[in-house]
Amino acid sequence: MPKAVRFNTYGGPEVLDVVEVEVPPVGPGEVLVRVRAAGLNLGEAKIRTGFLHDRFPATFPSGEGSDLAGIVETVGSGVTRFTGGDAVVGFTDDRASHAEVVVVQEANLTAKPTSVPWEVAGSLFVAGTTAYAAVRAVAPTEGETVVVAGAAGGVGGIACQLAKRRGARVIGTASTKDHDWLRSIGVEPVSYEGQLSEALAALTPRIDAFIDTAGHGNVQLAIEAGVDPSRIDTIIDFPAVGQFGVKAEGSAAAANSAVLAELLALLEGGELEVPIARTFPLDEVQAAFRYLEDKPARGKVVLIP
Ligand SMILES: NC(=O)c1ccc[n+]([C@@H]2O[C@H](COP(=O)([O-])OP(=O)(O)OC[C@H]3O[C@@H](n4cnc5c(N)ncnc54)[C@H](OP(=O)(O)O)[C@@H]3O)[C@@H](O)[C@H]2O)c1
């Protein structure tokens, strides 16, 4: 029987078990995928602790995981785009990708380019679509200046690169350990420790758009710097949305396989970089989440079932 991650109560990584499960039935329009890589996201840790209980409650026993890349095993009736043996990238809304096999809607899958590594493909969905939505929400144009708070994070790093592709000047807030990497992708780094508004003012007389992936008062800072609320997007500071009328477009706004295919084409062409911090076998899911929550290195953390 295939293995899958389950938890039966809210708590720390220690509540995560890897258990044997039945192979899920494959309905019409669905595809059974043998997972080769499945990314971890902080949102999963927040759901597991119960922190997001009011917005995203868990029912027990709960699975977890949205991001995935793998090989098609079987397809249900009516599936036309994929067949057994195809390499695919996609997502599930069923909290189920941290597993050896997962059933996915055909519409949630796209073909995996051969040159994109499994761990990159399998950790692209949440970070990639969130970054895509955030950049689209603030719509930077040629010559404008965009600030990305949390620029070296999973979402922030992709957002920086997508904003650069629109011709914008991108300034990214990050701790100094990540400044060289940000420079390597054409982003001007600024440290978030210390007086951030003064540091930004020293770099630019005007900020046209602001993407907040970090919280910590960044939305207020953007408002005080004179950025129009319609050009501020936060994926984390939801109280600030009501307070300042800024946008909150995140993964849900771009959660589809067409966006994934666009991002995969950029990766294939060497026009987008998604760093990988570390991979873990499925059986080490507890260690993987401890590592994610400690965040010792930049990049995605990925399970390899
Ligand atoms: N709304 C949505 O749809 C959505 C989707 C995805 C993620 N999220 C949320 O967005 C947040 C970021 O996700 P992620 O996957 O990108 O996380 P991540 O990979 O852990 O990145 C977070 C980054 O923020 C940096 N950071 C920490 N404190 C900061 C501060 N005060 N100012 C600027 N940067 C700071 C961290 O840098 P250091 O390493 O230096 O600490 C790290 O590089 C998480 O809270 C996640 O739950 C929301």
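In each ligand, atom 1 is the first atom listed, and ligand 1 is the first ligand listed.
Considering only non-hydrogen protein atoms, atom 43 (O) of ligand 1 sits nearest to G153 N, 3.3 Å. Protein heavy atom nearest atom 31 (N) of ligand 1, with residue, atom name and distance: H216 CD2, 3.3 Å. Nearest protein heavy-atom contact of atom 20 (O) of ligand 1 is K295 CE, 3.0 Å. Protein heavy atom at the shortest distance from atom 5 (C) of ligand 1 is T130 OG1, 3.2 Å. The nearest heavy-atom contact from the protein to atom 40 (O) of ligand 1 is S175 OG, 2.4 Å. Summary of contacts: the protein heavy atom closest to atom 15 (O) of ligand 1 is V155 CG2, 4.0 Å. Nearest protein neighbour of atom 12 (C) of ligand 1, counting heavy atoms only, is T213 O, 3.4 Å. Atom 8 (N) of ligand 1 has its closest protein heavy atom at I235 CD1, 3.6 Å.
The one candidate from I304, L40, V301 that meets the side chain to side chain contact (heavy atoms under 4.5 Å, CB included) condition with F280 is V301. The only member of L221, V138, V246, V146 that meets side chain to side chain contact (heavy atoms under 4.5 Å, CB included) when paired with F210 is L221.
For ligand 1, none of its N or O atoms has an N or O atom of D178 under 3.5 Å away. In terms of polar-atom proximity, V126 is not counted as a contact of ligand 1, lacking any N or O under 3.5 Å from an N or O of the ligand.
Counting heavy atoms under 4.0 Å from ligand 1, residue A214 touches it through the side chain alone. When heavy-atom distances to ligand 1 are checked against a 4.0 Å cut-off, R298 has no atom that comes that close, whether in backbone or side chain.
Aromatic ring pairs are classed by plane angle as parallel below 30°, tilted from 30° to 60° and perpendicular above 60°; the pair H53 and Y10 is perpendicular.
Side-chain contact between E106 and T80: present, with at least one pair of heavy atoms (C-beta onward) separated by less than 4.5 Å. A heavy-atom distance below 4.5 Å is found between the side chains of P189 and R183. The shortest distance between side-chain heavy atoms of E144 and R231 falls below 4.5 Å. A heavy-atom distance below 4.5 Å is found between the side chains of L263 and L272. Between H216 and Y192, every side-chain heavy-atom pair lies at or beyond the 4.5 Å cut-off.
Ligand 1 lies within reach of I236, whose nearest heavy atom is under 4.0 Å from it.
Taking every non-hydrogen atom of K177 and a distance limit under 4.0 Å, the qualifying atoms of ligand 1 come out as 38 (P), 39 (O), 40 (O). Numbered from 1 in the order shown, with element, the atoms of ligand 1 that lie under 4.0 Å from a heavy atom of A152 read 43 (O). Atom numbering of ligand 1 starts at 1 in the shown order; those under 4.0 Å from a heavy atom of K46 are 44 (C), 45 (O), 46 (C), 47 (O). Residue T173 has at least one heavy-atom neighbour below 4.0 Å for each of these atoms of ligand 1: 33 (C). Here is the list of ligand 1 atoms found below 4.0 Å of a heavy atom in G154: 16 (O), 18 (P), 19 (O), 21 (O). In summary, the atoms of ligand 1 found under 4.0 Å from a heavy atom of L42, numbered by their order in the structure, are 17 (O), 20 (O), 44 (C), 47 (O).
Judged by the 6.0 Å distance and 45° axis criteria, R48 is not positioned over the aromatic ring of F7.
The side chain to side chain donor-acceptor pair (under 3.5 Å) search around W118 returns none, not counting sequence neighbours.
For atom 48 (C) of ligand 1, the protein comes within 4.0 Å by at least one heavy atom.
Counted by atom type alone, N218 and D237 present zero donor-acceptor pairs between their side chains at under 3.5 Å.
Around atom 32 (N) of ligand 1, the closest heavy atom drawn from F51, F125, Y192 belongs to Y192. When G150, P275, A255 are ranked by how near their heavy atoms come to atom 34 (N) of ligand 1, first place goes to G150.
Without hydrogens or angle criteria, E100 side chain to K3 main chain gives a donor-acceptor distance under 3.5 Å. Q286 contributes a side-chain N or O that, together with a main-chain N or O of E14, makes up a donor-acceptor pair within less than 3.5 Å.
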